[in-house]
Amino acid sequence: MNPVFRIKTTFAALALSIGLLGTAWAGSEIPLTPAAIGPADSRQGSPNVATDGRDFLAAWIDSRGIYATRVSSAGEVLDGTGIRIPINPLAWNPSIVAVLWTGETYAIIHTYQMYQRTLTLVARVSRFGEWADGPRVILERVPYAAASNGRLVVISTDREIYVTDSEFQDFRRIALSSGAREQLAASNGSTFLVATNSPAEVPNWVDLTPIDATGEAGVTSRDKAVSRITFLVSAGEDYLLRLEDSTGSRLLRIAPDGTVKSVVALPNASAIINTSAVFVQERFLLMTGLRRDSFDVVITLNAVDGTLNQPETVLQPGRPGFAQSPKIAWNGSRALVVWTDPTESRVIGVIAGPDAQPKTAPFHLARSAARQHSTVIATGGEYDLVAWIERSEARAVLVDAAGQPRGDSVRIATADGSSVISNLQLLFDGSEYVMFWKTNGGVFSKRIDDATGLPQDPVLSAGAWTSFHVVRTDDGLFLFGERNSMVWVVPLPRSGGLPGDAVAISPSGMLATNPRAAWNGSEWLVVWHELVKVDDYQFYPIYQVSVLARRVSRGLVPLEIEPIGIARRTFSALPVPPQVSTDGVDFVVAWTQTVLVNDSPAGLLARHVPARGSPGKPNLVVPGTFLDAHAMVWDGRRYAIGFAHEEYTLPSDLFLTYAGPDGAGSGVKLAISATPEQDVYLSLVARGPGLIRLAYSRTVIEPEYGGVLRAFLRDIDPPRRRAVVAR
């Protein structure tokens, strides 16, 4: 069973055991598009590979975590959307040390840092792709190399060599004569050899540590190395170690006891760097690496006596500066070579024969559904409309009264060149839907038919804004945006032409950002963040953040001389924008604060702002740290507030809560999405008294998707009784 499913199942069982799910969850979750599986659009790197003698297992670092998949000798990817190896959310700098076949299972030995500690972990997968064990911590050391003889595993770390059984339960320690970051380990199926090198030392030496079939270390010997060691493989009973320097490469044949038996030159081999190799047939090496001059990924056939060096076969043209190491595994008849595509940061594989010729075209190892994020929803037309960003496009789909998508999603906008689409906003202007988005070139909009979901021409420019928020009134559309560290409002034409004149909302000289606005039918309440720089941390400025507001007339004239202080200097880091909504008369502003301020506890807070009067006292709606309010709307009875629990790198869960017309919290906390992953991007609309429709993105851990953010919809009926979710 996938371990993430175990985590999710455990979460659900726990919730049921304390009586939460019956009242905490409302409405069924509806996916907005089916899962179309293709090459994963995540960033991938540092692949490694092993074989059980028949198939292969490749693993790599992925922006979604660590992933693995089995590959047949014919080049068929056997595990669909991959096998997920969860990483602790607080971990950073993950890397894969080795992928090994240990006789019964594959072992994926990996490492990461957490709380100033380096942890080495193992995850084990059967030859059938079934989860066997882990990931679990096995060492608190820095590992550099590992090898298996099918019964024992040797792990070489910064100061010691560890010998363990194939289930990684019992460990024995062998001290290294000198620590080194450049380390290699190999097994001939019985014994082991560990080679270490310190190229920064003068003179530098290669230390050769033999280990017998029982895990006992022999006498360490030394051989002088001019530059570096590049690969170590078994060749029958002996081992082959390649040494490299500026003049070329040497191949050492080493006996199981660590004695160097012979040294030969590898002609032209110095042109290939970042090399890995396997021993095939009787006296040949399949060697893969990067050409020094072009960084092409190549594979070549070499005789171990130096008599043959076949011209390299290019597996993929490279790019200067691309320096990831291709890896190779040999199952007895074919090899799997894996590397990272230099242009797309995707893991690629090729099956090659013993003659170093490809038997398949390059294929993607990582597969999943496309990532969907920045989900937004709007209502008011014949059907509701949900939009999101998918790859480099903004897409949208109509949904009916039951929340079911009406057909396939439609592309609304595409990023050009180096531009990136962000800041999606969606609203109904009385006749059609209008989508707004931001790229490097500014803010743009496009109209969408509310009956067909099809985009209408042309694309309109709304100018250059750092952040923005668009609101509809009976007078048209108004954009509240940040430019030159000030908040402005500008009327937008319905079609064609230029935006109207911009009117300043925030005072001159104030660093203002993240504007949001609400219209009650006669006046605006505009809220924003005021930033006051207090420090720099590793080139990143640290700000104190206040929430300020100003009422603005229909004629776009500010009604206060000085802004209204909603929350004064409540943050030490930049949070999500404050939220504001109206019941048609007064306003409520919602925001989050992460620390205790003036006896006001951390959590999600709300404050009532009368149309013509002073704001009320702050109300604590939901206590807790790192709560981010993403959306708020008046549903005809109360204010519905969608928020996330985002504790830096911890999993982010999505919730819905309510506040009364006076901003007082209701005590209701409905779980919208709670997985062991990051669930973000929440948007909501009111479809009637007490009826809330939410669109959101959550990381889908079900294997048919592949562990990516996907867009979903939920309908929330009016709460009938108190429902509280404890974290």
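By convention here, the first residue in the shown sequence is residue 1.
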Between Asp384 and Arg687, is the closest basic N to carboxylate O distance under 4.0 Å?
yes

Mind listing the side-chain donor-acceptor pairs of residues 602-611 below 3.5 Å, one per line with the distance, residues two or more places apart or on another chain?
unit_1: Arg607; atom_1: NE; unit_2: Gly616; atom_2: O; d: 2.4
unit_1: Arg607; atom_1: NH1; unit_2: Gly565; atom_2: O; d: 3.3
unit_1: Arg607; atom_1: NH1; unit_2: Ile566; atom_2: O; d: 2.7
unit_1: Arg607; atom_1: NH2; unit_2: Gly616; atom_2: O; d: 3.3
unit_1: His608; atom_1: NE2; unit_2: Asp586; atom_2: OD2; d: 3.2

Identify, with sequence neighbours excluded, every residue that meets side-chain hydrogen bond (donor to acceptor under 3.5 Å, both in side chains) alongside Asp583.
none

How about Arg391: does its CZ atom have over 12 heavy atoms from other parts shown lying under 6.0 Å from it?
yes

Verify the neighbour count for atom CG of Asp400: are there more than 12 heavy atoms of other residues, nucleotides or ligands below 6.0 Å?
yes

As an exercise, state the distance from CG of Asp429 to OG of Ser445, rounded to the nearest 0.5 Å.
10.0 Å

In this structure, CZ of Arg395 is separated from OG1 of Thr33 (nearest 0.5 Å) by 9.0 Å

Should the ring pair His373 and Tyr681 be called parallel, tilted or perpendicular, given that the plane angle runs from 0 to 90° and is split at 30 and 60?
tilted

Can you tell me how far OG of Ser697 sits from CZ of Arg710, rounded to the nearest 0.5 angstrom?
9.5 Å

Residues at least two apart in sequence or cross-chain that pass side-chain hydrogen bond (donor to acceptor under 3.5 Å, both in side chains) with Asp475, listed by chain then number, are Arg554

Do Arg638 and Tyr658 meet the cation-pi criteria used here (NZ or CZ under 6.0 Å from the six-membered ring centre, within 45° of the axis)?
yes

Take Gln579 and Ile641 through the side-chain contact (heavy atoms from CB on, under 4.5 Å) test and state the conclusion after the steps.
CA-CA 9 Å; Gln579 302 297 322; Ile641 307 172; 5.8 Å; no

Identify whether the distance between the nearest side-chain nitrogen and carboxylate oxygen of Asp457 and Arg447 falls below 4.0 Å.
no

To the nearest 0.5 angstrom, please state how far the CZ atom of Phe587 sits from the OG atom of Ser581.
9.5 Å

